[in-house]
Amino acid sequence: MLLIPCPNCGSRDETEFHYGGQAHVPYPENPNDLSDVEWAEFLFYRENTKGIFAERWLHSTGCRQWFNMLRDTVTYDIQAVYPMGTPRPDVSVPAAAESGTASTDAESTTTGTSAPSISASSIAPAATPASTTAPKGATK
Amino acid sequence: MSTEQLPEHPEFLWRNPEPKSSYDAVIVGGGGHGLATAYYLAKNHGMTNIAVLEKGWLAGGNMARNTTIIRSNYLWDESAAIYEHALKLWEILPEELEYDFLFSQRGVMNLAHTLGDVRESIRRVGANKLNGVDAEWLDPQQIKELCPILNINDNIRYPVMGATYQPRAGIAKHDHVAWAFARKCDELGVDIIQNCEVTGFLKDGNRVTGVKTNQGTIHTEKVGLCAAGHSSVLAEMAGFKLPIQSHPLQALVSELHEPVHPTVVMSNHVHVYVSQAHKGELVMGAGVDSYNGYGQRGSFHVIEHQMAAAVELFPIFARAHVLRTWGGIVDTTLDASPIVGTTPVENMFVNCGWGTGGFKGTPAAGLTFAHTMATGTPHKLNKPFALERFETGALIDEHGAAAVAH
């Protein structure tokens with residue numbers, strides 16, 4: 001089970017969350033102009049990354065806020081958590097190298113610790129409250 | 001139920017050849033679907049200069065990790081047609097492959113726990129009958145007669161209100177199915193190459209001309225992708241996208257028990273599916289993890305949920321011990337139906353998206369995909385499952401009959 005560092009509530013079990021799929025998929029700017037192929041692309045085609053994946057999560061039984069997360073889909077290590085509508089952080093330096101961050105133990109079914117494993121490149125909740133208002137060109 | 005002995009292994013199963021520098025066709029993925037495709041390419045289309053590439057060991061992916069259930073009680077005409085064709089092939093394959101893989105037609109029940117379930121199930125029975133698929137609606141008393149260990153009391157949270165029943169459905173010994181196909185493929189001259197991971201593709205313009213692997217480059221005129229959970233990874237290497245999301249799906253077995261469970265019981269609503277293996281283990285499946293993943297293990301709370309459902313439905317299981325759990329990576333589509341056919345890359349074909357139910361479809365997937373690869377055109381059974389359906393909107397929404405929510 002994942003231990004997910006909610007930016008508002010701290011680390012909680014995966015069972016408190018709802019998965020929202022790939023992050024950063026903007027709603028088409030001019031829906032009327034889209035061809036069938038482009039609609040198919042928007043509706044049905046998502047990245048299926050093997051590795052670091054930007055995805056959306058909803059803390060459904062906690063603060064009920066959406067946020068974005070970078071997670072490795074092979075090791076399940078959580079690399080960063082950041083507000084909706086902000087760009088994907090650069091996590092080229094693995095966050096797992098720091099203490100108090102996600103477990104890299106292959107046998108472990110839990111990632112993260114009790115402290116939110118937010119890398120330096122992501123935005124700490126105290127400094128910038130997580131926004132749920134998506135900016136232009138982004139979807140929640 | 002059957003307590004027959006496992007079949008003896010034949011002395012010889014398959015060779016382990018070095019890859020040749022070129023083949024008439026290369027199949028990526030040495031699981032059930034890849035092997036079945038190779039078998040029917042050789043048997044039905046006379047293509048024997050072919051290779052099956054497997055990145056690990058033969059049939060060690062989802063083929064080794066599924067709950068072995070075989071049924072064809074799908075709702076829509078397109079699915080009923082292809083899965084029923086698969087079931088008819090399952091019925092003749094042990095003889096055809098000269099290998100008894102313990103195909104046991106012990107029947108499958110799909111339980112209904114709500115009025116919505118009941119209506120959907122009765123509708124499905126009607127649809128099945130119209131499509132020539134054997135199906136019956138059972139009331140709780142009839143369920144009890146067929147499977148006495150099932151709890152049909154109405155004082156549980158989701159009481160059993162009835163079930164669809166397909167008597168011809170059942171289970172087979174999955175490893176032996178793979179070995180049976182592999183042995184026949186080998187006999188027909190197919191090269192099965194294990195520990196051979198595909199790292200890229202050679203293309204001439206938009207036409208595929210070869211496969212790059214960790215064992216060297218292999219030239220070929222045709223490539224068939226049968227890589228289940230990793231299909232979108234391969235597609236990306238080849239330069240196109242698939243509407244696939246990969247999720248871990250887990251299953252578990254108990255220690256061995258005397259025969260107690262005479263059929264297969266599935267429940268969509270409380271989400272567990274159980275059969276008893278020939279050797280005696282209770283084989284149980286769960287739902288997929290909600291998130292994308294390529295790790296072949298699943299979340300513990302999914303097992304917890306599945307076990308709670310199992311114990312409520314089968315109080316006798318309360319003291320059974322879990323022996324082993326594992327996960328496979330399933331390739332899900334948004335309409336819960338497979339993708340079989342041509343791709344945007346010329347001479348490259350794809351068979352994927354079988355999601356949580358690929359095992360049952362193995363023979364029909366192989367037969368129709370072999371037809372598509374050999375002729376370059378769809379088989380009438382896989383035509384509706386082409387990639388184009390996501391553009392035309394002719395989706396085949398089988399979430400209700402897929403039995404695993406995803």
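First the proteins, then the strands, lettered A, B, ... as listed; each starts at 1. All of these numbers come straight from a predicted model, not from anything done at the bench.
There is no contact between B/Ile303 and chain A, counting heavy-atom distances below 4.5 Å. Looking at A/Thr49, only its backbone comes within 4.5 Å of chain B, counting heavy atoms on both sides. Heavy atoms closer than 4.5 Å to chain A are found in the backbone of B/Leu242, but not in its side chain. For a residue to count as touching a neighbouring chain, one of its non-hydrogen atoms must lie under 4.5 Å from one of that chain's; by this rule B/Ile244 touches chain A with backbone and side chain alike.
Residues B/Glu391 and A/Glu41 are not in side-chain contact: their nearest non-hydrogen atoms beyond the backbone lie 4.5 Å or more apart. Under the 4.5 Å side-chain criterion, counting only non-hydrogen atoms from C-beta, B/Tyr291 is not in contact with A/Phe53.
Between chain B and the options A/Glu55, A/Arg71, A/Glu38, A/Arg46, heavy-atom pairs under 4.5 Å are most frequent for A/Arg71. Heavy-atom pairs under 4.5 Å with chain A peak, among B/Gln296, B/Glu388, B/Glu236, B/His301, at B/His301. Note on A/Asp72, A/Leu43, A/Val37: by heavy-atom pairs under 4.5 Å with chain B, the leading option is A/Val37.
A donor-acceptor pair is defined here as one N or O able to donate and one able to accept, closer than 3.5 Å; such a pair exists between the side chain of A/Tyr76 and the backbone of B/Gly295. Side-chain atoms of B/Gln245 come within 3.5 Å of backbone atoms of A/Glu47 as a donor-acceptor pair (strictly under, hydrogens ignored).
Rounding to the nearest 0.5 Å places CG of B/Asp289 at 8.0 Å from CG of A/Leu2. B/Phe390 CZ to A/Phe44 CZ: the interatomic distance, rounded to the nearest 0.5 Å, is 7.0 Å. Summarising the geometry, atom NE2 belonging to A/His18 is positioned 7.5 Å from atom OG belonging to B/Ser290; distances are rounded to the nearest 0.5 Å. Atom CG of B/Asn292 and atom NZ of A/Lys50 lie 13.5 Å apart (nearest 0.5 Å).
The environment of B/Lys203 atom NZ is dense: over 12 non-hydrogen atoms of other residues, nucleotides or ligands sit within 6.0 angstrom.
Residues B/Ser299 and A/Glu14 approach most closely at OG-OE1, 2.9 Å, considering heavy atoms.
For B/Tyr294 and A/Asn48, the side-chain atoms include at least one donor-acceptor pair closer than 3.5 Å.
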